[in-house]
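What you see below is based on every heavy atom in this structure, not just the backbone, and it leaves out hydrogens, waters and symmetry mates.
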Amino acid sequence: MKYYIGIDLGTSAVKLMLVDADGQIKRVVSRDYPVSYPHVNWSEQDPKDWWNAISDALFELLSGYDGQAVAGIGIAGQMHGLVVLDKNDRVIRPAILWNDGRADKETDYLNFTLGKEKLFEYTGNIAFAGFTAPKLMWMRKNEPESFAKISKIMLPKDYINYILTGVHCTDLSDASGFLMLDVKNKRWSAEMLDICGVNEEQMPRLYESFDVVGKIKGELAKKFGISKDAIVVAGAGDNAAAALGTGTVGEGRCNISVGTSGTIFVPCKSFFGDYRQAIHSFCHADGGYHLMGVVMSAAYCNKWLCNDILTTSDYDAEERSVKDRALGKNDVFFLPYIMGERSPINDTDATGTFVGLRGSSSRADVYQAVLEGVAFAFRDNLEIIRNFGIDIKSSCICGGGTRSKLWCKIIANVLNLELHLPLTEQGPGYGSAILAMVGAGESESVVELAEKLFKVNEVIRPDPELVSLYNERYERYRKIYPALKKLYKDIK
């Protein structure tokens, strides 16, 4: 029996998964590591902490299994993080993470001085403060001595692949979030490299996610007891890898992830997008493309309300307080912008906001409003995707938020979509194992293998009466942000 290792390099922890050639998960282990917040809106990590955590976890993952049977390794990672090495392969500064907001001025320069239309021509996307290119521009301006030392530029998961293989590489799905990739043509944008002040030699070599980039280094194979012939694939950005684990490949499918942040992910075979909309147009891990809307705070809103405001960890009790008869009839609204918002408004100044509170409003009303607010934010993105002419009638739904059946019901009715819950919550680690399996020859097609391995556990169907009620509520909700947009900037 052959085994495959899938690694999910997250923001607060790494998860390692051992999968056999039939796609059965044999063991999952995880390790935490710290996040540093040295200034307001800054978010950093030491890349060496990632490798130390993975290195430690590998021994537990393989305990009791034949490491010589490991045929391949794949890694999915948190996107957009800036990792820079000097000529001696030393980390120059802590990685600047995806949720770091320091590069707002650089983002504004790209969107409004260079211009969104020109930026879209170069990259297929517009700028967000979380993307990698604005961070590189920030470093060039604010840390010129460190910037001058840069020999290699990479994303978080690419740092791990570099340690594993010695190959300076990235995959197209993760590279799409650099804002330095010409996504449509799958090559680095010469114009964006020039704007950021770097050259192509400093950038990682581009691969499809399922491409083999090398074999594990001999000394590491010996250290962990893994076969020296184990291949390592380029891997993928976390959202693209998670989509593989839910069978969201090819065309005509959709995946909604209700994690700390939220995503709505729609694969397509051809590239298209619109510079006037803050929806990402990225390469997919299956070799095609995808559209993606990102809600910065999804399950995090629920955690924030319960843990920090209501000071409770009893999520079930809060959920039970919301009665079915109240669905679609809540007069309290919540804008879930507690960390600003990415898609589709691209506004780092926006904040979480309750509207409609009265003396008669109850704790249950507030809790319900938070769940509904996140669902409405997903719908904001779905409406734009539908305006592209894509007809979405059903979606897979995954992530920690799906443990709430109430939340799934609300989302199904707000979006008017049939939702498919996976049999097992597999996530990016499973998707990266699928990529390793394809790289090692278990299948010739990512699409075929992902569709074969995905199993539906439960289907949640929208109720026409609730859909009608939520349509009316959504029309109210969508008027709130435009009314507050200027105020958010004024009170910053």
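- T402 has its side chain out of reach of L419: every pair of non-hydrogen atoms, C-beta onward, lies at least 4.5 Å apart.
- Side-chain contact between L469 and L327 is absent, with no heavy-atom pair separated by less than 4.5 Å.
- A salt bridge between E318 and R363 is present, with a side-chain N of the basic residue lying under 4.0 Å from a carboxylate O of the acidic one.
- Side-chain atoms of D380 and Y481 form no donor-acceptor pair, as typed in the model, at a separation below 3.5 Å.
- Contact detail for G273 and F120: the closest heavy-atom pair is C-CZ, 3.6 Å.
- Taking the six-membered ring where tryptophan is involved, the planes of F178 and W188 are perpendicular, since the angle between them exceeds 60° and thus also 30°.
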Subject >> Pair D324-K409, side chain to side chain contact (heavy atoms under 4.5 Å, CB included): steps then yes or no >> reply: CA-CA 10 Å; D324 280 352; K409 181 177 181 178; 3.6 Å; yes
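- Ring orientation note: the planes of F354 and F334 are tilted relative to one another, at an angle of 30° to 60°.
- A 6.0 Å sphere centred on CD of E465 holds no more than 12 heavy atoms belonging to other residues, nucleotides or ligands.
- Inter-residue side-chain proximity for I279 and D274 is flagged as unmet; no heavy-atom pair is nearer than 4.5 Å.
- Taking the ring axis of Y289 as reference, the NZ or CZ atom of K186 stays within 45° of it and closer than 6.0 Å to the ring centre.
- The backbone N or O of A278 sits less than 3.5 Å from a side-chain atom of S343, completing a donor-acceptor pair.
- Side-chain contact between N307 and Y315 is present, with heavy atoms from C-beta onward closer than 4.5 Å.
- In summary, the side chains of S362 and D365 do present a donor paired with an acceptor at a separation below 3.5 Å, with no hydrogens or angles considered.
- Taking the six-membered ring for Trp and thresholds of 30 and 60 degrees, Y477 and F376 have ring planes inclined between 30 and 60 degrees apart.
- The distance between the ring centers of H280 and F128 falls below 6.0 angstrom.
- Between Y159 and W51, the distance separating the two ring centers is not shorter than 6.0 angstrom.
- Here F147 contributes atom CZ and C196 contributes atom SG; the two are 7.5 Å apart, rounded to the nearest 0.5 Å.
- Screening residues 93-105 for salt bridge (Lys or Arg N to Asp or Glu O under 4.0 Å) gives E44-R93, E44-R102, R93-E143, D100-R102, D104-K492 as the qualifying pairs, with residues at least two apart or on separate chains.
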